[in-house]
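For reference, the structure discussed in these notes is given below.
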Amino acid sequence: MTERKIKVETLTRVEGEGGLYVRLQGEQVQEVRLEIYEPPRLFEAILRGRPLEDAPDITARICGICPVAYQMSSVHAMEMALGVEITPEIRRLRRLLYCGEWIESHGLHMHLLHAPDFLGFESGLAMAKQFPDEVNRGLRLKKHGNQLVDLLGGRAIHPVNVCVGGFYRIPSRNEFQKLVPDFEWGLNAAIETTRWVAGFEYPELESDCEFVSLSHPDEYPMNEGVMQTSSGDQIEISDYREEFQEQQVPHSTALHAIRKTTGRPYLLGPLSRVNLNRDRLSPSARQLADEIAFEPECRNPHRAIIARGLELVHSYEEALQILRDEHSTKQPRMTYEYQAGVGMSATEAPRGTLFHRYEIDAEGKIVEADIIPPTSQNQAQIEVDLKAWVRQVIEKEESQVARLCENLVRAYDPCISCSTHFLNVTIERS
Amino acid sequence: MCKPRLAVFKFASCDGCQLSLLDAEDHLLAVADAVEIVYFPEATSHMEEGPYDIALVEGSITTPHDAERIQQIRKDARYLMTIGACATAGGIQALRNWADKDEFMQAVYATPDYIQVLETSTPIAEHVQVDFELRGCPINQYQLIEVIRSLLAGQTPRTPRHSVCLDCKRRGTVCVTVAQGTACLGPVTQSGCHALCPSYNRGCYGCFGPALQANLVSLSAQMEREGASKAEIAHKLKNFNAYAPAFRTESTRLVQLEGDQRG
Ligand code: SF4
Ligand code: SF4
Ligand code: SF4
């Protein structure tokens, strides 16, 4: 029997650097490795000994695409350690900022990074010649997300306006109102986009993963809740470390995560969130999900782009509501006194649940930091799904298999810079 | 005529600087309307080998493999331009340059031996000759376009080297230090953000790195007079541009002085 190896040296249209390695023995899949060779940046070690106020600015630099998620998880965790209660107004503005990040990230991924796979292009730019309206729409949606983060965060990449306790400055009612017409247009455009991607042809693939996401009784999960799993468990954030375990594997600078109780990997992200919280999507998003007949529990990872579209619609609708209602919050931030303590928080980054835990001392210095980003948690499940996928497409010639594997990896929108805190495909056949 | 070939490379970084390029797409096309992106893995699966007319390099050198990779990129590139604090000053990850790298690795990984990393995180210019360095964490997309435009026109690119303070004056922002006693690195930080943080009511934390004639000793003295300890000031400088020479010298001096005082 001949051994075949398929290697993708550099995965493209993903954030960060990695590769893929597949080893086949005849028609048997021996091994699939998602190789993350992004150099480690050692943030948890860097944070030790620094003032707790540094956490939102420094952890934002883990990832340029989802800095808001890092800022939100870190400020919540610090506030828990300090015993700070934020006002409902600050909480609402934090959700608004989060909507901006979801719009920017989902808009970019759907149009420029993922859609080209379904339509046979090497990039969104190459696709622009044949699909100018769709690509321009995508660029405009992404820009709206940036504008919102720009206004409330001060700048779209690594916002400067977020702090422990709230914000440094709250923009005026007028500044918020100015965004309303664009967001009204954007809500409709997001609905169009989701209808468009729902019409793509999707390869069959059934993942037997456990879906995990935050869940909140009254709202679509973004900045707080308990961890809900598709097997019916509910896990308090304070038990995160007891329930989910990270392991180091030799082929990756990102750690792999499993559920401790089952020993099995799990999946985070838009598909998990929509599957577990569909009834809490905004009215337009829920209606749209029914109209396009999105499955109640979608197990095909290729279809995650549709879940992303539903969340795009949700983000526009929720953002619009806040933008219209905002009457300029009077108190931009809560004050606090230093006290020693431990704080933790999980929020929903565009790619899935992001967990932070800090121990601080009585002088307000960080003693220990622990950050579990979504991509490293998803990595083990991506390998399991890739194995099933390779089995399905094994007949095809090497370059085809490599391309199909890359397409599947992109469906998870992995964020490799975060995960090390991703992708060449190698396929080996024997 | 052939369009100039543009390539984008990534080392240890967060992707934020190259994302600025995607965010600037329409400007990039409008202003330059002349480049062909031949290598940019974050944006396209289409990848061509060198030579390249302009190579944009994001990220710092932190692994033996990357130290070799940058050599080849230099050979392939007519102009090599670094983008962002990681590439021009080693980035936030350069904080390990003051620490025991092995201890840092042990704090994060159960089996650090699987991963090869260098003792330090260093700017690209410590490894190869760099034609232009663009500051910022992240960079300013308008500066990026302007610099690409200049390089293509055969001109020497220029970006302002004055301090953030001047921009505060220009835009009429009330000084947060004078009005509220908030510590601000604006006097020693290079312009590039249009004095963003003070306009949001907070002090600058130095993400564009040291300004040309920054007088750090004098700023430290001022901050001490306002009640900051030497250690606190050193922490402020040990940030995204911690390893940039001016910031590095001053934080080292402060830490040393404090050590002497404790004696
Ligand atoms: S300089 Fe800042 S924004 Fe740019 S890659 Fe480095 S961490 Fe990211
Ligand atoms: S706020 Fe900062 S940057 Fe602005 S003038 Fe004052 S010291 Fe300078
Ligand atoms: S004011 Fe300072 S920290 Fe803020 S964006 Fe400008 S250079 Fe960066």
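Order of the sequence lines fixes the chain letters, A, B, ..., with proteins taken first and strands second; residue numbering starts at 1 for each chain. Quick note: numbers below take in every heavy atom, side chains included, and nothing from hydrogens, waters or symmetry partners.
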Just so I know, are the side chains of [X] and [Y] near enough to count as touching, which here means a heavy-atom distance under 4.5 Å?
X: A:His158; Y: B:Cys14; result: yes
X: B:Ser121; Y: A:Arg41; result: no
X: B:Asp23; Y: A:Ile157; result: yes
X: A:Arg50; Y: B:Asn239; result: yes
X: B:Arg202; Y: A:Arg169; result: no
X: A:Asp57; Y: B:Phe240; result: yes

Got a second to check how far [X]'s [atom1] is from [Y]'s [atom2], nearest 0.5 Å?
X: B:Gln93; Y: A:Ile46; atom1: CD; atom2: CD1; value: 6.5 Å
X: B:Asn201; Y: A:Arg333; atom1: CG; atom2: CZ; value: 7.5 Å
X: A:Ile58; Y: B:Ile92; atom1: CD1; atom2: CD1; value: 4.0 Å

Is B:Ser199 close to chain A through its backbone or its side chain, or both, or neither, when contacts mean heavy atoms under 4.5 Å?
backbone

Per-residue contact mode, B:Leu95 against chain A (heavy atom under 4.5 angstrom)
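It is the side chain, since no backbone atom gets that close.
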
Considering all heavy atoms of both residues, which atom of A:Gly49 and which atom of B:His235 are nearest to each other, and what is their separation?
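Scanning both residues completely, I find the closest heavy atoms to be O-NE2, 3.3 Å.
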
Can you give me the closest heavy-atom contact between A:Tyr168 and B:Tyr200, atom names plus distance?
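So the minimum-distance heavy-atom pair works out to CB-O, 3.0 Å.
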
A quick test of your reading: do over 12 heavy atoms of other residues, nucleotides or ligands sit less than 6.0 Å from NZ of A:Lys142?
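Correct, the count exceeds 12.
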
Trace of the side chain to side chain contact (heavy atoms under 4.5 Å, CB included) decision for A:Val160 with B:Tyr205:
CA-CA 9 Å; A:Val160 302; B:Tyr205 54 98; 3.5 Å; yes

With chain B as the partner, which of A:Asp370, A:Asn161, A:Leu108, A:Asp54 has the greatest number of non-hydrogen pairs under 4.5 Å?
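It is A:Asn161.
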
Given heavy-atom pairs under 4.5 angstrom as the criterion, report whether the side chain, backbone, both or neither of A:Pro51 touches chain B.
side chain

Residue A:Glu368 versus chain B: region with a heavy atom under 4.5 Å:
neither

Is A:Arg61 reaching over with its side chain to a backbone N or O of B:Cys137, donor-acceptor style, under 3.5 angstrom?
yes

